[in-house]
Amino acid sequence: EAPKPKAPVTTFSNEDFKIFSEQVSNIESPQGAYSHYPAGHKRSGQLLYGGYNDHYMGRYQFGTGALKDVGVNTARRHQDMSTAEKAFKDYVNINNRTLTKNSQKYRDMSNSEKLGILGYAHNQGAAAAEEYLVTGVVGTDGFNTKATKYTNAIENAFRKLQPFAAGAR
C-alpha cells in the first residue's frame, strides 16, 4: 500500500491514553520495579534504569534510541518523572504519525485497536508494528516477550470498560 503523508492522525483522549500508558507500564515495570529509585537511595526519586542489560529508563523502560527520537539528552542519565511522561507521550505520537502515514490497515482501526498496535510499537518500534500488520508475524524483545503481549493487554483493558461495545472506541 502507498504511504499517505497527509492522512489525518488520530488524537487520543486523555482517558484513553491513560488506559494505554497504564497497561504499558504494568508490563514494563510490574509493581513499579523500574519507576524510580527508592527513598534513602542517593538518587531518590529519580528514574531507575533496569530492564535488558540495564539500558532502559523508568516505568516505560525507554531505550537510548527511543529517548533520542524524542529529544531526551541521554548523556544525563537520570531524569525526573515528568520528563519520562512527556517523552513517552511524544514517542507514542511519533509512532502514531508513522503508522497513520504508512498503513491503511492502521488507519482503518478503532482507537482502542490503534492503541493496541502502539503498544506493539512501544516494544518493537513502528516499522516492526507496520510489518506485523502486513504479515501477522509477531516479534519479541530481549526478554523474549512477544510484542502482542502489549496489544492484547491494551485491547483487553478497553474491552473491560465497554464489554458490549468492544472496538467501538
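These values consider heavy atoms only, across backbone and side chains, with no hydrogens, waters or symmetry-generated copies. Residue numbers count from 1 along this sequence.
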- Query: Given H122 and V92, is the side-chain contact (heavy atoms from CB on, under 4.5 Å) satisfied, shown in steps?
  - Reply: CA-CA 7 Å; H122 174 79; V92 171; 5.8 Å; no
- Task: Apply side chain to side chain contact (heavy atoms under 4.5 Å, CB included) to Q104 and list each qualifying residue two or more places apart in sequence or on a separate chain.
- Result: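 Checked Q104 against side chain to side chain contact (heavy atoms under 4.5 Å, CB included); matches are E1, K4, R107, D108.
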- Query: With sequence neighbours left out, what residues match T11 under side chain to side chain contact (heavy atoms under 4.5 Å, CB included)?
  - Reply: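 Applying side chain to side chain contact (heavy atoms under 4.5 Å, CB included) to T11 gives none.
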First locate atom [atom1] of [X], then atom [atom2] of [Y], and finally report the distance between them rounded to the nearest 0.5 Å.
X	Y	atom1	atom2	value
F12	N111	CZ	CG	5.5 Å
S13	K18	OG	NZ	11.5 Å
N93	L118	CG	CG	8.5 Å

- Message: Pair M109, L133 - check side-chain contact (heavy atoms from CB on, under 4.5 Å), show working.
- Response: CA-CA 11 Å; M109 292 178 159; L133 288 172; 3.4 Å; yes
On a heavy-atom basis, which atom in [X] and which in [Y] lie closest, and how many Å separate them?
X	Y	result
I154	G116	CG2-N, 3.7 Å
K101	P5	CG-CA, 3.5 Å
A121	Y91	O-OH, 3.8 Å

- With distance as the sole criterion, is a donor-acceptor pair present between the side chains of E28 and Y150 under 3.5 Å?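 Yes, a side-chain donor-acceptor pair sits under 3.5 Å.
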- Is it the case that E113 and S110 place a side-chain donor and acceptor less than 3.5 Å from each other?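 The answer is yes; a qualifying pair exists.
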- Query: In a check of side-chain contact (heavy atoms from CB on, under 4.5 Å) between V9 and each of L99, T98, T100, which one passes?
  - Reply: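 Between V9 and the candidates, side-chain contact (heavy atoms from CB on, under 4.5 Å) is satisfied uniquely by T100.
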- Please say which of T151, T140, T148, D141 ends up in a side-chain contact (heavy atoms from CB on, under 4.5 Å) with N123.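 Only one option passes, and that is D141.
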Check whether any side-chain heavy atom of [X] sits under 4.5 Å from a side-chain heavy atom of [Y], and report yes or no.
X	Y	answer
I19	L161	yes
V137	Y132	no
R97	N102	no
F158	D16	yes

- Does F20 have any ring pair (Phe, Tyr, Trp, His ring centres under 6.0 Å) partners at least two apart in sequence or in another chain, and if so, which?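 Result, ring pair (Phe, Tyr, Trp, His ring centres under 6.0 Å) vs F20: F17, F88.
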- Task: Could you tell me whether a side-chain N or O of N156 sits under 3.5 Å from a main-chain N or O of N152, the two making a donor and an acceptor?
- Result: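 Yes, the answer is positive, given that a donor and an acceptor are paired below the 3.5 Å cut-off.
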- For the side chain of T135 and the backbone of E131, is there at least one donor-acceptor N/O pair under 3.5 Å apart?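 It does hold such a pair.
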